[in-house]
Each structure stands twice: as structure tokens, then as C-alpha cells.
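Structure first, commentary second.
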2 protein chains.
Amino acid sequence: MHKHENCNCNECPHHVECGGENIDKVKLFENKMITEEEAYYVSELFKAISDLTRVRILFSLLAGDMCVCDITELVGVSQSAVSHQLRVLKQAGLVKYRREGKTIYYSIADDHVSSILAMGLEHISE
Amino acid sequence: MHKHENCNCNECPHHVECGGENIDKVKLFENKMITEEEAYYVSELFKAISDLTRVRILFSLLAGDMCVCDITELVGVSQSAVSHQLRVLKQAGLVKYRREGKTIYYSIADDHVSSILAMGLEHISE
DNA sequence: ATAACACATGAATAAGTGTTCATATGTTAT
DNA sequence: ATAACATATGAACACTTATTCATGTGTTAT
């Protein structure tokens with residue numbers, strides 16, 4: 001870390017003293033640090049649960065498989081909006097689907113997803 | 001549910017047949033359904049973990065308390081950006097902080113947050 | 001009091017996101 | 001084949017959001 005003036009630029013970190021005491025712990029942890037790629041996937045995962053409509057869809061599906069029209073009715077937005085959001089949830093691996101004739105049934109992808117949802121609900125209820 | 005033509009409007013749900021078989025389960029579940037308010041808080045919670053920078057900040061803090069300048073160095077974005085995102089995390093109740101002289105130390109708010117982060121990381125590692 | 005430091009914040013801008021509207025796709029019944 | 005149904009999708013628009021830049025606030029040392 002080099003000497004500097006009071007600037008906020010990125011290349012010239014503007015702390016000298018505080019870095020001294022913690023820098024060892026920092027360096028130590030830098031190896032175990034989550035990778036950029038992992039962090040990205042984690043953020044994408046939670047991004048899929050960060051929208052009101054998608055959350056309502058997911059909690060609806062906790063009751064069991066459900067077709068798009070039922071979800072639409074439960075959530076109370078347009079069928080188109082539900083379809084768009086189901087695609088996001090599908091791409092995030094949070095839901096899966098099966099076709100039965102004209103109807104397509106969506107469901108929670110696995111128990112892991114249920115757990116995450118449960119933790120979220122639990123967390124806000126404190 | 002009333003008779004309808006082939007329209008996509010919200011007031012005129014366009015399914016007749018598929019509603020028949022599932023509508024009981026739907027009605028049954030409508031009572032236990034997550035409230036709009038709960039869903040909103042859940043979505044806000046996960047929204048706070050839905051950004052790459054914030055995820056990297058949170059996983060950094062899993063190593064222990066850390067001052068803003070160390071976080072800035074670890075995450076590799078500007079100090080201003082880190083401060084802005086720390087505010088989001090603080091408002092979401094995911095981190096807390098304490099002041100020691102000029103330095104402000106941030107830390108994970110509680111074990112619940114750690115659990116949610118761990119589940120996220122675990123989920124993407126499959 | 002002044003200067004340097006550690007951090008926060010307001011404004012502005014660019015990029016991303018969710019909904020609606022219109023229409024397309026795939027399925028079933030006639 | 002045609003019509004009706006269940007769902008998906010592309011384009012457009014309003015809205016949100018993350019960063020940067022400049023500056024402000026609070027603290028410590030001189």
C-alpha cells in the first residue's frame with residue numbers, strides 16, 4: 001500500500017492507519033474469500049426471490065403443484081406477468097414444470113428452495 | 001367465475017375447465033396464503049442480497065467485523081459504492097455497526113443472516 | 001483551530017427490471 | 001381444418017437501482 005493524499009480514487013486507497021491492524025486478518029481471509037463467480041451466482045439466486053410477484057408465486061406453490069391460471073388468480077396479476085415471472089423462476093432453478101394436456105403445472109424445484117423460503121419468512125417475523 | 005370470451009383482461013379470468021379441478025385446493029389455501037405485506041418484506045429481504053457487491057460484502061463480513069476501508073479493499077469497488085451498499089444492508093437489518101474512533105466496524109447482524117447466506121452458497125454448489 | 005482521516009450522502013447518469021399489450025405457440029375438441 | 005383454450009413471448013414503457021463524482025459530517029492529532 002503506497003503513500004497517498006486525501007483522494008477517493010480507487011487506485012489510491014486512502015487509509016493508512018486502520019489498515020494496519022486488520023490487514024493480517026484480511027490477507028488471511030483473502031484466500032478463502034468467496035469467488036467472484038460464486039458471489040454472482042448467489043446474487044442471481046436471491047435476485048430471483050427479490051420481487052413481490054415472484055415471492056407470492058413461490059409461496060403459492062408451497063401448497064403444491066399449480067397451473068398458471070390458478071397462480072394467476074391467487075397472485076392477482078395478469079397471466080402474462082405470471083408467465084414472465086415463471087420464466088425467471090424456472091431459469092433460476094427455483095421451479096420446475098410438467099405439461100398435462102393444455103395445462104402446465106409448476107412446482108417448487110426441490111426442498112432446498114422450500115427451506116430458503118421458510119428462512120426468509122422466519123427472518124422477517126422477528 | 002363467469003362466462004367469457006377469449007380475452008386476456010384481468011377481470012375476466014379466461015380459464016373454465018382447469019379451474020374446476022384445482023379450485024378447491026386453491027380456495028382452501030387462500031386462507032393460509034402469505035399476506036401481501038409478508039411477501040413484500042420477504043422480497044425486500046432477499047432484494048438486499050440480490051446484488052453482487054452486497055453479496056461480496058456480506059461474505060467478507062462472515063470472517064468477522066470489518067471496517068469500511070477493509071471491505072472496500074476486499075470487494076474492490078469504490079469506497080463510496082461500499083458505503084451506499086452498506087446503507088442498504090443496514091436498512092435491511094442484515095448488518096450492524098459500531099464506531100471506534102474514526103473507524104466504523106460493520107458486522108453480520110445475527111446468526112440468521114449467516115444461515116441464509118450459507119444456504120444460498122450451498123444451493124448454487126449443486 | 002487546522003489538517004488529515006474514515007466514512008456518509010446527494011445528485012446525476014447509465015443500466016436493469018416488471019408490467020402491459022398484442023400476438024404467437026402448442027393442445028384438445030368438434 | 002377450425003375454434004377455443006392454456007400458456008409463452010417480443011416490444012415498449014415506466015420505474016428502479018448501482019455506480020461515480022463531488023462534497024459533507026464526525027473524529028483524532030497537532
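Naming: A, B, ... by sequence-line order, numbering from 1 per chain. These values consider heavy atoms only, across backbone and side chains, with no hydrogens, waters or symmetry-generated copies.
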Among all residues two or more places apart in sequence or in another chain, which pass the side chain to side chain contact (heavy atoms under 4.5 Å, CB included) test with A:S50? A:K47, A:R54, B:K47, B:S50
With B for base contact, S for sugar-phosphate-only contact and - for none (protein heavy atoms under 4.0 Å), nucleotides 14-19 of chain D reads ---SSB
As a test of reading the structure: which of C:dA8, D:dA8, C:dA6 is closest to the side chain of B:L86, going by heavy atoms? C:dA8
Against the side chain of B:K102, the closest entry in C:dC7, D:dT9, D:dT28 is D:dT28
Euclidean distance, atom CD of residue B:Q79 to atom C1' of D:dT25 [Å, nearest integer]: 12 Å
Taking the nucleotide of DNA chain D with the nearest heavy atom to each, does B:S80 or A:S83 sit closer to the 5' end? A:S83
What's the CD-C1' distance between A:E100 and C:dT28, to the nearest Å? 14 Å
Whether A:H123 and B:H112 hold their rings parallel, tilted or perpendicular, with breakpoints at 30° and 60°: perpendicular
Quick check: closest heavy atoms across B:S78 and B:T72, and the distance to 0.1 Å? C-CG2, 4.1 Å
Contact list for residues 67-94 of chain B, test ring-ring contact (aromatic ring centres under 6.0 Å, His included), sequence neighbours left out: none
Name the residue from B:V113, B:V95, B:I108 that meets the side-chain contact (heavy atoms from CB on, under 4.5 Å) definition with B:L89. B:V95
Kindly confirm or rule out a cation-pi arrangement of A:K90 over A:Y97, judged by NZ or CZ under 6.0 Å from the six-membered ring centre and within 45° of its axis? yes
Tell me whether the side-chain N/O atoms of B:Y106 come closer than 4.0 Å to OP1 or OP2 in C:dA6. no
